[in-house]
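In what follows, chains carry the letters A, B, and so on, assigned in the order in which the sequence lines appear, proteins first and then strands, with residues in each chain numbered from 1. Just so we're clear, the structure is a prediction, and the values are computed from it rather than from any experiment.
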Amino acid sequence: GYAKCGSFLEAQRVFEKLSARNIVSWNAMINRFAEYGYGEMALQWFERMQCDDISPDAVTLTSSLKACASIVDGVRSQEIHGYIVKIGIWDHDVFFGSSFVDIYAKCSWIADMYHVFQTSVVRDVVTWNAFISGLLEVGQHERALNSLDQMRHEGLCPNAGTFIALLKVCSCIGAPFRGECIHTEIVKEGLLEQDAHVGSILVDAYVKCGLFTEAQSVFEMLPARDVISWNALLAGYAEHMPGEEILQHFKRMKFEGIAPDSITYSCILKACSNLGAFNEGCELHKEIVTRGLMDSEVKNALIDMYSKCRAIDDAQHVFEQSRMTS
RNA sequence: GAAUUGCAGUUCUA
């Protein structure tokens, strides 16, 4: 329904008028709020539904768990966990396992995360992906990287999400060799063509492991480059390549028709601040205003840039504007 | 019968 288009007001209006509010319409509302990050709102709808004497089904519960995850609400997750076990549907849905692994990891409830994972009789690739991300979250890097072999041992085939999770681990511990192995696997599976997320995380991982040449060559071979893969590369330039080269790449990005976002500008401003490139910095400032991309991170980057360029007045100006609005 | 479910991509910061 309307909720899928992100128009909540419209969705709510339609919902209130629905004569036949069935569980599907409730679930759709809850999940949409959760999906757009309104976790608290989603849980309110969850409670409202129960007040209406409709008992939640597996879809309601996983949607509500998504809401819990988005606001990292471990306590309410536990209540739902207890309810699922109590009414005896734990083994009916693989989704429960991955939801709870994910949430307990986000809460850093390590024992609970392990317990859920180990007692899930049915595990699928998403359960494993959530587990790998969880292991990263709690600092169990080796174990996370070993998971690939283990899940294959269970007869499961890794997907894009698996490799994304694994590459994040490599970035975190700076393990370029492991990253290269994963890169090989990704190519073998043909995932670079199928999934845009994989390409950008691969560029990002090489950047973060300090293999900048590799990052560049992956980037150039991507079938499609979006603002996120561009940002990953530009962040690498800002970090590792002190020089004006980054400005050329920024031009090329715009020339290719990719609209920069506030993260892009933060990266370029960082480079300008290292270069002491005041004129370029001013140009960027104007562009940011024109494009309406001023947010608090960009403001910090601007203040930093102006300070490094010894333009204290300009820095102060941005600073005072940010105090006015926040 | 159909419509509603789980993990995962880029900057800075605590």
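- Of the candidates B:A8, B:G9, B:G6, the closest approach to any side-chain atom of A:Lys106 belongs to B:A8.
- Side-chain atoms of A:Ser98 come within donor-acceptor range of the base of B:G6, with a qualifying N/O pair under 3.5 Å.
- A donor-acceptor contact under 3.5 Å is formed by the side chain of A:Thr62 with the base of B:U5.
- Residue-level contact check: A:Ser262 touches neither bases nor backbone, having no heavy atom under 4.0 Å from any strand.
- Side-chain proximity of A:Val24 to the nucleotides B:G6, B:A8, B:U4 is greatest for B:U4.
- As judged by a 4.0 angstrom heavy-atom cut-off over every strand, A:Ser200 is placed among the base-contacting residues.
- Atom CG in A:Leu233 sits about 12 Å away from atom P in B:U11, given to the nearest Å.
- Residue contacts for A:Val298: at a heavy-atom cut-off of 4.0 Å it reaches no nucleic acid atom on any strand shown.
- Here A:Phe117 and A:Trp128 bring their ring centres to under 6.0 angstrom of each other.
- Residue-level contact check: A:Asp124 touches the bases, meaning some heavy atom is under 4.0 Å from a base atom.
- With ring centers used as reference points, A:Phe219 lies under 6.0 Å from A:Trp230.
- For the pair A:Leu167 CG and B:U10 P, the computed distance is 11 Å after rounding to whole Å.
- Judged by atom type and distance alone, A:Asn129 reaches the base of B:C7 through a side-chain donor-acceptor pair under 3.5 Å.
- Note: CD1 (A:Ile246) to P (B:U11) measures 13 Å, nearest angstrom.
- Taking the six-membered ring where tryptophan is involved, the planes of A:Tyr104 and A:Trp109 are essentially parallel, since the angle between them stays under 30° and well short of 60°.
- Candidate nucleotides B:G6, B:C7, B:G9 were compared by shortest atom distance to the side chain of A:Ile201, and B:G9 ranks first.
- The side chain of A:Cys267 approaches B:U11 more closely than any other nucleotide in the set B:A3, B:A8, B:U11.
- Distances shorter than 4.0 Å separate none of the side-chain N or O atoms of A:Lys168 from OP1 or OP2 on B:A8.
- Within the nucleic acid shown, A:Ala238 has no heavy atom closer than 4.0 Å to any nucleic acid atom.
- The interatomic distance linking A:Trp230 (CH2) with B:U11 (C1') rounds to 16 Å, in whole Å.
- Put simply, CG on A:Leu156 is 14 Å from C1' on B:C7, counting in whole angstrom units.
- Ring centroid separation for the pair A:Tyr38 and A:Trp45 does not come in under the 6.0 Å cut-off.
- Within 6.0 Å of CZ on A:Arg310 lie no more than 12 heavy atoms contributed by other residues, nucleotides or ligands.
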Could you list all N or O pairs between the protein and nucleotides 12-14 of chain B that sit under 3.5 Å apart?
| unit_1 | atom_1 | unit_2 | atom_2 | d |
| --- | --- | --- | --- | --- |
| B:C12 | N3 | A:Glu297 | OE2 | 3.3 |

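- Considering CE of A:Met305 and OH of A:Tyr265, their distance stands at 12.5 Å, rounded to 0.5 Å.
- Between A:Phe212 and A:His240, the ring planes are tilted. Angles from 30° to 60° get that label.
- Heavy atoms of A:Ala235 sit under 4.0 angstrom from primed sugar atoms or phosphate atoms, though from no base atom.
- As judged by a 4.0 angstrom heavy-atom cut-off over every strand, A:Asp226 is placed among the base-contacting residues.
- For A:Ser229 (side chain) and A:Arg225 (main-chain N/O), no donor-acceptor pair under 3.5 Å exists by modelled atom type.
- Rounded to an integer number of Å, the gap from NE2 of A:His197 to C1' of B:U10 is 11 Å.
- The CG-P distance, from A:Asn159 to B:G6, rounds to 14 Å in whole Å.
- Between the P atom of B:U5 and the CD atom of A:Glu35 lies a distance of 7 Å, rounded to the nearest Å.
- When distances run from any side-chain atom of A:Asn31 to the nucleotides B:A8, B:U5, B:U11, the shortest one goes to B:U5.
- Listed by first then second residue, pairs satisfying ring pair (Phe, Tyr, Trp, His ring centres under 6.0 Å) with a partner in residues 148-182 of chain A number zero, not counting sequence neighbours.
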